[in-house]
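In what follows, a structure is listed as structure tokens, so that the remarks can point back to it.
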Amino acid sequence: MRISGGNRTTLTAFDGGISGNLDFTFKPSLTWRLALLKGRVKCRMATCLRDLVGCFLDMSTKTLLENIRNIGIMAHIDAGKTTTTERILFYTGKTHRIGEVDDGAATMDWMAQEKERGITITSAATTTYWNDAIINIIDTPGHVDFTVEVERSLRVLDGAVAIFCAVGGVEPQSETVWTQADKYDVPRIAYVNKMDRIGADFVGAVRQMNEKLDTNAVPIQIPAGEGDLFTGIVDLISMNYRVSKAETSGLEYEDLPIPDDMVGSAKAAREQMLEAVSAHDDSLLEKILADQPIEPREIIEALRRACLKVAIVPVLCGSSFRNKGVQKLLDAIVDFLPSPLDKPTLKGHIPGSSKMTERKPDVNEPACALAFKIMSDPHVGRLTYFRVYSGKIKAGSYVYNANLEMKERVARILRMHANKREDLTEAVAGDIVAAVGFRKTATGHTLSERKHPIIMKLMKFPEPVLSVAIEPKTRSDQEKLIDSLDRLAEEDPTFKIRINEETGQTIISGMGELHLDILTDRLMREFQVQANVGVPWVTYKETITVEHKGEGRFVRQSGGKGQYGHVIISVEPLADGSDFAFENKIKGDSIPRTFIPAIERSIKETMQTGVIAGNAMIGVKVTLLDGSSHEVDSTELAYKVAASMAFQQAAENAKPVLLEPVMKVEVVVPEDYAGNIMSDLSGRRAQISGIMPRKNVQVITALTPFSEMFGYATKLRNLSQGRAVFTMEFSEYQPVPEEVAQRMRIGIGN
């Protein structure tokens, strides 16, 4: 095959002894070229063109990567994430009708449990196109019980859209997801949704962003009216007024001159925007000082630079349910959020070494990807979602799991659209896809080439706070129960399973009542396991408060080869918030080095049963100080037993305390009922942290022990005649007051 360049192109093809020429004029749009490169145009001519795309289309990998946006949609529950995502899919042509959450017809809420409850439970991925950009979207849950979905999604995303309710403003889970985005330095834009609701307050929502989230939120739009009077959006960059046409579900719209009664407020808001942006852009500042005209493109470029540095968060507004503002949001995603090329070079360490290495977002680099989600699919089996950072991964090939030091076969590569699948021949840098065929790869594992291994930093997930006993109903269910639970635990790192050695019961733990309810429902529906589920109880932890030493000696003689292990350790509380740290301070060979890893493993295992009431211990540093060995009888088993004995002795004398999960509670209540609500919270050992007025209601925030919050929803309805609402999320573990701990010990003893 041979081609000649220019818009006027000659294609010469040879097939055995047959040859032919084809002359044609061709000037493809960038969107078509992107689709061609990604293998979405399926025909013989497309295959030929794709093979020759480097010279024919003059389309470099760099250009392709510049036009990719990997974004997440994140927000508090009921802020309108999925509704907004549905409009994005509709306006970009990915779907041909709008699916509504309340009707159970939302494309991205595909699970039966999501349709029934009208909430997002699992993060769903899709790919769509807007103008010349490829947008990979992950729609994340808003409920605190499923915060792990937000955490692992943000780990692999380049940018995010934070959605806020115009009435509720910055709500508890809004703060949580914002903090998660801060942790990964994810640039973001904000979208104030539900401007059509009674009580909508755009200015108030922006003020809360700046105050509660400690950010620099800069409106680039203002609403034309609020509540029932919301008619459209005034764009402060182009200085026009956009009105969507209801009869076409917002597909058609008009950009009109700004209404006379809003010209003054629009000009003032534009000046504030320019002042905020120019503080981060010298060229824009010079133009403002010289009173020179500023083109919209200049503002967009300056805003983009500031947004990528997380120095500014552009704020937009709209009403997704009323089909207003979503196209402007799509423009902002492309204009302000980063491409893979805008992100810092990926760094990781070489397995078995402290040396660091890096990967650039380039298909010519060695392949590197991060597995961020495992899912059981009833049609294709185990699905592993991964983000490709460099190189390419082909279907049918092998990748190297550097964490497990093993090969995994890539049987199929799938581009996901919620629960629908499209086969791909390969995934390249910038792609977010799923693979079939991985057997052992787990969330957070790095996939690379065996000749060029790399391990990226592992993700850390919160510990579960609620437990429940579960048992199979029949013998056949018994055989399937543990296997099914293991598969659910593979999917969800915050879901834990253990066997109570004293009772033989299977105990499952999760992030809350809804979390465990969903998982047990899936167990029965998807895995066809019938089980009896007990009453939930709070998962406590234990820790120590002072430093103490411990010594363990295990010696056994049984006629032949004996057992000998001797360990001296010290334990102390960790001040950095970590769960466990281990340090070896032995000088010389009083304990052979080969036994040190076994000692550390034994201590970690012993910590799982604690020293007060059998709860797992956290916040402990263990230092191996000394010990002794026997040239014949020293064994790994002996040192494990000795280490366990030493830790038990040290921990029991280090003033151990019981820890309970404490929740951040926010109650929104009419002022007339605020006194009763606060009194009730105080009776639940709550620490009231704030009371804030918000348009005819009071917002009460408090830190409350989780154990005191069972049945609170019913109590709150009774105290407020059904007019108050509350949200709750995990905050931290705190020591249980001595009088409460004493009552618990008595209960445990009985």
Side-chain angles (χ1 to χ4, degrees), residues 122-123 125 148-149 151-153 155-156 346 348-353 357 359 366-414 416 421 423-424 426-427 431-461 464 479-499 508-509 519 522-523 526-527 597 600-601 604-605 608:
T122 183
S123 55
V148 63
E149 295 286 343
E151 180 83 17
R152 59 184 175 188
S153 297
R155 177 67 174 81
V156 298
L346 178 72
H349 72 270
I350 299 172
S353 168
T357 185
R359 295 288 186 273
C368 174
L370 182 72
F372 68 94
K373 178 181 171 72
I374 309 297
M375 191 181 83
S376 295
D377 188 291
H379 303 288
V380 298
R382 192 177 191 265
L383 273 179
T384 304
Y385 285 75
F386 63 94
R387 156 77 187 267
V388 185
Y389 286 94
S390 65
K392 59 179 72 173
I393 297 175
K394 294 187 175 182
S397 67
Y398 285 87
V399 292
Y400 183 66
N401 185 320
N403 298 86
L404 301 178
E405 298 183 350
M406 63 174 288
K407 290 194 305 181
E408 291 272 40
R409 185 170 184 271
V410 189
R412 295 170 65 188
I413 295 177
L414 305 173
M416 302 300 295
R421 301 162 295 278
D423 276 281
L424 300 177
E426 66 178 19
D431 277 343
I432 295 178
V433 293
V436 179
F438 294 172
R439 294 178 294 112
K440 299 293 185 180
T441 297
T443 299
H445 285 181
T446 306
L447 308 169
S448 59
E449 296 178 9
R450 185 154 199 162
K451 292 181 180 178
H452 305 280
I454 181 175
I455 294 181
M456 287 182 264
K457 185 178 179 180
L458 285 170
M459 291 180 263
K460 186 177 180 181
F461 302 107
E479 297 172 0
K480 295 188 294 182
L481 178 64
I482 296 299
D483 179 59
S484 301
L485 289 175
D486 285 340
R487 289 170 65 183
L488 288 172
E490 275 187 343
E491 295 184 24
D492 189 346
T494 61
F495 177 57
K496 305 293 184 184
I497 310 159
R498 66 181 178 89
I499 305 296
I508 58 175
S509 304
L519 288 170
R522 288 187 59 197
L523 185 72
E526 293 179 30
F527 298 95
E600 181 179 356
R601 287 196 305 272
K604 290 171 77 172
E605 290 170 4
Q608 296 307 305

Counting C-beta onward and ignoring hydrogens, is there a side-chain heavy-atom pair between [X] and [Y] closer than 4.5 Å?
{"X": "N401", "Y": "T446", "answer": "no"}
{"X": "I432", "Y": "F372", "answer": "yes"}
{"X": "E426", "Y": "I393", "answer": "no"}
{"X": "L383", "Y": "I374", "answer": "no"}
{"X": "V410", "Y": "F438", "answer": "yes"}
{"X": "Y389", "Y": "M456", "answer": "yes"}
{"X": "T357", "Y": "H349", "answer": "no"}
{"X": "D483", "Y": "F527", "answer": "no"}

K480 atom NZ: more than 12 heavy-atom contacts under 6.0 Å
yes

Just wondering, are more than 12 heavy atoms of other shown residues or ligands nearer than 6.0 Å to CZ in R421?
yes

Closest heavy-atom pair and its distance - [X], [Y]:
{"X": "A395", "Y": "A411", "result": "CB-O, 4.4 Å"}
{"X": "C368", "Y": "R359", "result": "CB-CG, 3.8 Å"}
{"X": "A371", "Y": "F386", "result": "CA-CB, 3.9 Å"}

Out of the candidates R382, E490, E491, only one should pair with S376 under the side-chain hydrogen bond (donor to acceptor under 3.5 Å, both in side chains) rule; please name it.
E491

What's the separation between atom [atom1] in [X] and atom [atom2] in [Y], rounded to the nearest 0.5 Å?
{"X": "I455", "Y": "L404", "atom1": "CD1", "atom2": "CG", "result": "9.0 Å"}
{"X": "T441", "Y": "M406", "atom1": "OG1", "atom2": "CE", "result": "6.5 Å"}
{"X": "Y385", "Y": "S153", "atom1": "OH", "atom2": "OG", "result": "10.0 Å"}
{"X": "R601", "Y": "E605", "atom1": "CZ", "atom2": "CD", "result": "7.5 Å"}
{"X": "L447", "Y": "I454", "atom1": "CG", "atom2": "CD1", "result": "11.5 Å"}
{"X": "L458", "Y": "N403", "atom1": "CG", "atom2": "CG", "result": "5.5 Å"}

Starting from the C-alpha separation in whole Å, work towards a yes-or-no answer on side chain to side chain contact (heavy atoms under 4.5 Å, CB included) for I508 and F495.
CA-CA 7 Å; I508 58 175; F495 177 57; 3.6 Å; yes

Exam field: side chain S390 to backbone P366, donor-acceptor pair closer than 3.5 Å
yes

Please check: side-chain N/O of H452 versus main-chain N/O of E449, any donor-acceptor pairing under 3.5 Å?
no

I would like to know whether K460 and E151 meet salt bridge (charged side-chain N to carboxylate O under 4.0 Å, His left out); could you show each step before the answer?
CA-CA 9 Å; K460 186 177 180 181; E151 180 83 17; over 6 Å; no

Intermediate values then yes/no, side chain to side chain contact (heavy atoms under 4.5 Å, CB included), Y400 and E408:
CA-CA 6 Å; Y400 183 66; E408 291 272 40; over 6 Å; no

Can you name the one residue among L424, L414, T384 that meets side chain to side chain contact (heavy atoms under 4.5 Å, CB included) with V433?
L424

Apply salt bridge (charged side-chain N to carboxylate O under 4.0 Å, His left out) to D431 and R387, showing your working.
CA-CA 6 Å; D431 277 343; R387 156 77 187 267; over 6 Å; no

Should R409 and R439 be marked as a side chain to side chain contact (heavy atoms under 4.5 Å, CB included) after you check the CA-CA gap, both sets of side-chain angles, and the distance that decides it?
CA-CA 8 Å; R409 185 170 184 271; R439 294 178 294 112; over 6 Å; no

A cation-pi test, strictly: NZ or CZ of K407 under 6.0 Å from the centre of the six-membered ring of Y398 and no more than 45 degrees from its axis. Yes or no?
yes

